[in-house]
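What follows is one structure encoded as structure tokens, with my remarks underneath.
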Amino acid sequence: MSKDQNTNLDDRYNPQNVEARVYAEWEKAGYFKSHDQSNKPPFSIILPPPNVTGFLHIGHALDHTIQDLLIRWKRMSGFNAMWLPGTDHAGIATQSVVEKDLKKQGITRHTLGREKFVDKIWEWKHEYGDRIYRQMRRLGDSCDWDRATFTLDEGVSRAVRKVFVTLYKKNMIYKGLKLINWSGPLETAISDLEVEHKQVKAAIYHINYPVDGTSAFLTVATTRPETMLGDTALCVHPDDERYQQYIGKTVTVPLIHRKIKVIADTYVDREYGSGVLKVTPAHDFNDYKIGKTHDLEFINILNKKTELNENAGPYQGLKVTEARKKVCEDLKALGLLIKEEPHVHSVGHCSRSGAVVEPFLSEQWFMKMDDLAGPAKRVVESGTVRFEPESWSKVYLHWMNIIEDWCISRQLWWGHRIPAWHCEACQEHTVSETDPTQCAKCGSKNIKQEDDVLDTWFSSALWPFSTMGWPDENTHSLETQKTFYPTSYLVTGHDIIFFWVARMILMGLEFKKDVPFRTVYIHGLVRDSKGQKMSKSLGNSVDPIDMIDKYGADALRFSFLAHLFSGKDLKFSEQRLEGYRNFMNKIWNAARFALTNLADFKVPAEGLKALPNAKDMSVFDQWIVTKLADVEKKVDEALEAERFSDAATALYQFIWNQFCDWYIEFTKPTITSSPATQLVMAHVLNRIVRLLHPFCPFITEEIYSKLPLKSEACIIDTYPNIRNDKEFLALGNKQIEAEIDLIKEVITAIRNIRGELRISPAVKLQLRLATNNAKAIEILKTNQTAISLLGRTENIAIGDEGNLNKCAVSQVNSTDLKVKVIIPLEGLVDFNEEVKRIQKTIEKLDKDIALLTNKLSNEKFLQNADEDVVAVDKELLLQSKEQIVLLKEALERFK
RNA sequence: AGGGAGUUAGCUCAGUUGGUAGAGCGCCACCCUUACAAGGUGGAUGUCGCAGGUUCGAAUCCUGUACUCCCUACCA
């Protein structure tokens with residue numbers, strides 16, 4: 001790769017040569033550090049902790065890019081910016097990964113025993129626990145690494161215990177026998193939220209139950225016939241005339257010959273199936289409710305592996321699916337299975353193992369939600385916690401309204417073990433922050449800690465304050481909390497609003513008496529280019545690290561930020577990424593051009609404070625400063641409004657379409673001989689780099705380090721906006737902006753004629769610029785060189801229009817200035833091409849004129865529309881009419 | 001079933017108080033013009049899902065409708 005001698009920059013931007021080095025320098029200099037005590041205003045974000053043994057996926061990359069943008073922007077804007085990283089022990093996920101690994105060696109966790117198994121997971125954690133942090137560094141995450149926390153760290157564990165004990169003492173945590181969702185492969189309870197409902201093609205079976213003492217049958221319809229082994233009643237609607245006579249009678253459950261009662265409850269839908277419901281209170285959530293109200297027997301027919309147990313008689317030992325098949329066969333043999341129809345219905349699946357979830361009656365720990373939900377609703381209703389986009393607050397509030405007690409125990413070994421000790425003597429529980437040696441009730445020493453661990457989300461719910469040292473009361477902990485709690489933003493996907501966001505609010509309010517964050521920024525999911533969810537099984541997932549290797553972290557970040565629209569999912573496209581890689585290269589080369597031409601630039605003693613004298617500045621200098629002011633304003637407004645893509649797009653357009661396409665081109669002839677232009681170039685480049693930094697930190701820091709005008713480092717320099725950059729921006733000039741816009745349009749008109757008439761760029765065109773406006777003449781004259789250079793013309797005549805015979809003519813308007821661009825075509829082109837070009841324009845103008853005439857002849861429009869709207873239309877009509885006359889004349893001359 | 005989001009150029013999507021539709025990519029033509037071919041210049045492309053309504057004027061507001069997606073709940 002060739003290097004420019006003056007600047008030492010490669011002629012292509014090569015992220016591999018830059019990223020790791022720049023990141024190491026930032027870290028070494030301590031730029032990511034935040035301070036418990038500071039006179040700067042605080043700005044804090046807690047990173048949603050990724051799975052400690054996981055790896056960075058594309059969704060994290062998006063999530064982190066947004067957070068890093070906010071953090072870097074605020075850090076540069078004078079805030080004490082704190083981004084706290086962390087990792088999650090991810091109970092089920094991590095345990096199953098390690099179990100799978102052991103299985104390869106033929107070892108199960110049970111043969112290993114709890115202690116050794118947990119040691120194995122810790123080994124695993126030590127091996128892979130840093131991987132995700134390394135990957136975050138690749139992305140450029142500017143976290144305060146000193147504050148990194150793991151959910152099983154001692155401090156966090158103390159917080160978990162304190163919360164558990166406190167809630168237990170307030171009777172908000174209890175142990176009880178309830179029907180819960182059970183994952184067979186994992187042998188643990190899972191929460192409602194961990195159940196995924198999927199449409200499944202199955203069958204519905206119609207089974208006859210013989211009514212005792214008669215030859216009649218009651219027919220029930222069921223999708224899970226094997227559960228009949230646990231039936232303890234049949235239920236009909238009390239007003240259902242078909243079944244009045246059977247209410248109170250007994251029927252016999254086929255196959256196991258249990259006598260059960262026929263009961264009546266309005267819960268039954270008469271229209272559905274046969275109108276008779278079989279009630280299996282221990283294996284169905286609806287039946288559970290009926291079982292409770294009617295005081296039915298609860299017969300558990302499954303064991304922890306979701307195989308049928310001793311209550312299932314001859315079916316004991318079978319898996320659920322096997323039992324279903326066998327039961328059907330046996331019923332068929334007895335003539336009691338009278339119908340079997342295909343049936344599509346939704347079935348709960350364990351989101352971790354994929355297995356069908358079985359409702360299972362078991363002893364679990366629960367957290368009451370009733371008292372907590374109210375305050376958690378109010379903070380969102382009042383706007384103390386704001387969701388962005390706002391519509392998610394509805395989703396949140398709806399869930400708070402239907403919230404049920406949270407099953408917090410898991411039959412796993414990896415996690416926070418429940419701090420409750422069961423007493424063998426009195427059967428009571430001792431719940432304590434420190435390990436007890438005897439029962440708190442009876443004093444017996446025969447106590448044993450609960451085997452279960454807490455749901456991972458329990459510790460996650462405390463994350464905003466447990467990471468800040470709560471409940472420890474040392475100075476560091478207290479000051480951290482005082483400065484950074486509540487945090488400024490929580491950035492996450494909508495998939496964990498219930499799991500996590502809601503529970504952090506509940507816990508924050510209960511234990512910190514304040515919300516955990518002010519704004520919840522919800523972003524969409526990253527999908528593949530076809531809009532499908534990315535997943536390993538579909539083979540469509542994209543590894544962000546591969547993308548960084550290929551295109552650079554900055555390009556990846558920019559491609560996210562430029563297409564981030566208010567909470568919507570975004571489709572990932574490598575092609576688009578390539579486009580932003582090109583943009584990075586464009587920036588690099590613009591810098592390379594500037595630096596080359598600033599080689600002899602004399603850095604003023606005042607450094608960044610040195611301003612050029614307005615009268616030494618060229619019109620182009622003043623023009624670019626005016627455009628810079630526009631973009632600084634737009635970017636500031638967009639970032640404040642969380643419209644990140646607007647900010648990214650504004651920068652993209654300014655840099656590519658104004659700075660590169662025009663300013664650099666305009667200044668090429670004069671820059672090396674004009675100290676004022678050099679100074680402006682240095683200033684504008686410096687600002688471009690700073691403005692871009694939060695979006696693409698690596699390339700900007702690298703360029704910044706080579707700038708003649710700079711401070712210590714880009715990452716901690718000031719983020720420019722129209723308030724703090726007033727003095728420089730004041731050198732812009734709106735009047736001159738309009739003038740240069742006119743010059744741009746003249747050049748574009750010339751290029752347009754050349755392009756459409758296919759005149760080779762090698763041909764220098766003759767040019768006449770006709771206008772009778774003295775001001776316009778002056779502007780055109782002063783900028784002849786630029787027009788000639790960028791329009792590739794020679795012999796420019798300014799003033800009279802002269803003989804238009806065999807000339808291409810275009811009219812250019814900018815504000816009140818009108819110029820005719822005239823190019824003699826004799827000997828250059830086939831005139832037919834020009835005739836076509838003119839006719840095309842006439843057609844378009846005809847349409848416009850018809851539309852405008854129609855509009856302006858409508859009296860109601862003139863009455864109702866705003867004055868300026870009417871004025872603009874009138875002016876447009878006038879111009880169009882003038883132009884069409886001009887073109888028609890030109891057409892005549894070609895005939 | 002209930003709730004939410006969407007439908008705009010070939011593709012991905014913008015379009016903030018209603019005023020003659022925009023970007024990037026792709027496409028076509030010409031060009032290695034000394035920052036960049038990962039580039040330059042020019043060009044083509046849309047009944048803004050469909051049907052009504054409000055209005056002088058609707059991609060934008062209202063009603064209905066079709067299709068897509070997501071979430072929540074679930075009837076055995």
Side-chain angles (χ1 to χ4, degrees), chain A residues 4 7 9 11-13 192 197 204 220-224 227 235 267-269 271-280 284-287 345-346 348 389 391-392 394-395 398-399 402 494-495 497-498 524-525 527 529 531 533 551 555 559 562-563 565 567-573 575-576 578-597 641 643 645-646 649 652-653 660-661 664-665 668 747-748 751-762 789-790 792 840 847-848 851-852 854-855 858-866 868-870 872-873 876:
Chain A
D4 192 295
T7 58
L9 293 181
D11 61 5
R12 276 188 187 181
Y13 173 57
D192 295 351
H197 293 274
I204 188 161
V220 299
T222 177
T223 53
R224 299 190 296 154
T227 59
C235 191
Y267 188 85
V268 174
D269 179 355
E271 307 302 319
Y272 194 91
S274 60
V276 185
L277 174 69
K278 63 190 267 310
V279 186
T280 323
D284 184 284
F285 287 98
N286 297 301
D287 296 5
H345 65 145
S346 89
S391 57
W392 287 108
K394 275 189 221 155
V395 177
H398 177 251
W399 190 69
I402 59 164
H494 53 72
D495 46 340
I497 290 180
F498 306 140
L525 264 37
R527 299 174 172 278
S529 56
K533 244 184 194 171
Y551 301 100
S559 78
H563 280 85
F565 298 107
K568 281 193 204 165
D569 288 354
L570 61 95
K571 290 180 196 166
F572 182 83
S573 143
Q575 208 173 38
R576 186 155 59 219
E578 209 179 302
Y580 291 109
R581 187 270 316 263
N582 296 352
F583 178 52
M584 295 305 138
N585 195 47
K586 188 77 182 175
I587 297 164
W588 183 257
N589 274 293
R592 205 159 64 96
F593 169 85
L595 293 173
T596 309
N597 287 289
R643 297 178 64 97
S645 61
D646 284 1
T649 309
Y652 183 100
Q653 283 173 351
C660 292
D661 288 351
I664 285 184
E665 296 302 329
K668 271 181 182 172
I747 293 166
T748 304
R751 286 169 168 174
N752 175 291
I753 292 167
R754 185 193 292 278
E756 288 210 65
L757 300 184
R758 300 203 187 117
I759 302 169
S760 156
L789 211 67
L790 302 189
R792 304 184 70 76
K840 195 175 78 180
K847 268 193 207 161
D848 286 357
L851 215 98
L852 287 165
N854 197 357
K855 207 165 160 186
N858 183 335
E859 272 185 40
K860 286 194 173 173
F861 171 68
L862 298 174
Q863 271 169 25
N864 297 324
D866 281 353
D868 11 338
V869 172
V870 177
V872 165
D873 281 354
L876 211 59

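Quantities reported herein were computed from a predicted structural model and do not represent experimental measurements.
- No side-chain donor-acceptor contact under 3.5 Å links A:R792 to the backbone of A:R754.
- Across B:A21 and B:G49, the matching P atoms stand 14 Å from one another, rounded to whole Å.
- Using a 4.0 Å heavy-atom distance criterion, A:C660 is classed as a base contact.
- Here the side chains of A:T227 and A:K278 are in contact, with some heavy-atom distance below 4.5 Å.
- Checking B:C36, B:G42, B:A29 against every side-chain atom of A:E665, the shortest atom distance belongs to B:C36.
- Side-chain contact between A:V395 and A:H398: absent, with no pair of heavy atoms (C-beta onward) separated by less than 4.5 Å.
- A:T222 comes within 4.0 angstrom of sugar-phosphate atoms only, judged by non-hydrogen atoms across all strands, and of no base.
- For B:A59 and B:U20, the C1' atoms lie 13 Å apart once the distance is rounded to whole Å.
- In the displayed structure, A:E859 atom CD is contacted under 6.0 Å by at most 12 heavy atoms of other residues, nucleotides or ligands.
- Ring geometry for A:W588 against A:Y13 counts as tilted: the plane angle lies between 30° and 60°, on a 0 to 90° scale.
- Interface remark: the A:R581 side chain does form a donor-acceptor pair with the B:A38 base, using a distance-only criterion of under 3.5 Å.
- Taking every heavy atom of both residues into account, A:Y580 and A:A562 meet most closely at OH-CB, 3.3 Å.
- If you check B:C36, B:G43, B:G39 against the side chain of A:N582, the one that comes closest is B:G39.
- B:G2 and B:G10 have their C1' atoms separated by 38 Å, given to the nearest Å.
- Listed nucleotides B:C36, B:A29, B:A76 differ in distance to A:R592; the shortest reach to its side chain belongs to B:C36.
- Using a 4.0 Å heavy-atom criterion, one finds that A:S391 contacts no nucleic acid atom at all.
- OP1 or OP2 of B:G43 has at least one side-chain nitrogen or oxygen of A:N752 nearer than 4.0 Å.
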What dot-bracket string describes RNA chain B from 5' to 3', counting Watson-Crick and G-U wobble pairs whose defining distances are under 3.5 Å, with [ ] for crossing pairs and | for pairs to another strand?
-> (((((((..((((.....[..)))).(((((.......))))).....(((((..]....))))))))))))....
Could you go through nucleotides 6-13 of chain B and list every protein N or O atom that sits under 3.5 Å from one of its N or O atoms, giving the distance for each pair?
{"residue": "B:U12", "atom": "O2'", "partner": "A:R576", "partner atom": "NH1", "Å": "2.7"}
{"residue": "B:C13", "atom": "OP2", "partner": "A:K571", "partner atom": "NZ", "Å": "2.8"}

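- For the C1' atoms, the distance from B:G24 to B:C61 is 30 Å, rounded to whole Å.
- Within 4.0 Å of A:V268, counting heavy atoms only, lies at least one base atom of the nucleic acid.
- Phosphate proximity of B:A44 to A:K840: present, with a side-chain N or O under 4.0 Å from OP1 or OP2.
- Atom name C1', nucleotides B:A14 and B:G57: the rounded distance is 23 Å, in whole Å.
- What separates CZ of A:R754 from P of B:C30 is a distance of 15 Å, to the nearest Å.
- In this entry the distance linking NZ of A:K668 with P of B:C36 reads 8 Å, nearest Å.
- Put simply, A:R643 has a side-chain N or O that comes within less than 4.0 Å of OP1 or OP2 on B:G15.
- Contact record, A:L862 with A:V870: CD2-CG1, 3.8 Å, taken as the closest heavy-atom pair.
- Following rounding to the nearest Å, A:L789 (CG) and B:U41 (C1') show an atom-to-atom distance of 14 Å.
- Nucleotides B:G18 and B:C32 are separated by 49 Å at their C1' atoms, to the nearest Å.
- Considering only heavy atoms from C-beta on, A:L525 comes within 4.5 Å of A:H494 through its side chain.
- The residue A:D495 sits apart from the nucleic acid: no heavy atom pair falls under 4.0 Å.
- Picking from B:A76, B:U20, B:C70 the nucleotide with the shortest atom distance to the side chain of A:K278 gives B:A76.
- The residue among A:S760 and A:I747 whose nearest nucleotide of RNA chain B lies closer to the 5′ end is A:S760.
- In this structure, the side chain of A:N589 engages the main chain of A:N585 through a donor-acceptor pair within 3.5 Å.
- Distance noted for atom C1' between B:A51 and B:C13: 27 Å (whole Å).
- Relative orientation of the A:F583 and A:Y652 rings is tilted, given thresholds of 30° and 60° on the angle between their planes.
- In this structure, A:I753 atom CD1 and B:U41 atom P are separated by 17 Å, rounded to whole Å.
- Look at CZ on A:F861: it is 8 Å from C1' on B:C56, rounded to the nearest Å.
- Between A:L851 atom CG and B:C56 atom P the separation is 18 Å, expressed in whole Å.
- The nearest pair of heavy atoms linking A:C235 to A:V279 is CB-CG2, 3.7 Å.
- As judged by a 4.0 angstrom heavy-atom cut-off over every strand, A:T748 is placed among residues touching the sugar-phosphate backbone only.
- Checked against B:A35, B:U72, B:G43, the side chain of A:E756 finds its nearest nucleotide in B:G43.
- Across all strands, A:Y580 comes closer than 4.0 Å to no nucleic acid atom at all (heavy-atom distances).
- Computed from coordinates, the A:N585 CG to B:A35 P distance equals 14 Å when rounded to whole Å.
- Distance check on atom P: B:C56 versus B:C48 gives 22 Å, rounded to whole Å.
- With B:C70, B:U41, B:A35 as the candidates, the nucleotide lying closest to the side chain of A:D661 is B:U41.
- Among B:U33, B:A35, B:C56, the nucleotide with an atom closest to any side-chain atom of A:R792 is B:U33.
- Nearer to the 5' terminus of RNA chain B, by closest-nucleotide assignment, is the contact made by A:K860 (compared with the other of A:K860 and A:V276).
- Residues A:L876 and A:L852 are in side-chain contact: their nearest non-hydrogen atoms beyond the backbone lie under 4.5 Å apart.
- Counting only N and O atoms by type, the side chains of A:S573 and A:K571 include no donor and acceptor under 3.5 Å apart.
- A straight line from CD1 of A:I204 to P of B:A76 spans 6 Å, rounded to a whole angstrom.
- As judged by a 4.0 angstrom heavy-atom cut-off over every strand, A:N858 is placed among residues touching the sugar-phosphate backbone only.
- In this structure, of B:G39, B:A23, B:U20, it is B:U20 that holds the atom nearest to the side chain of A:D848.
- Base engagement by A:L876 is indicated by at least one non-hydrogen atom pair under 4.0 Å involving a base atom.
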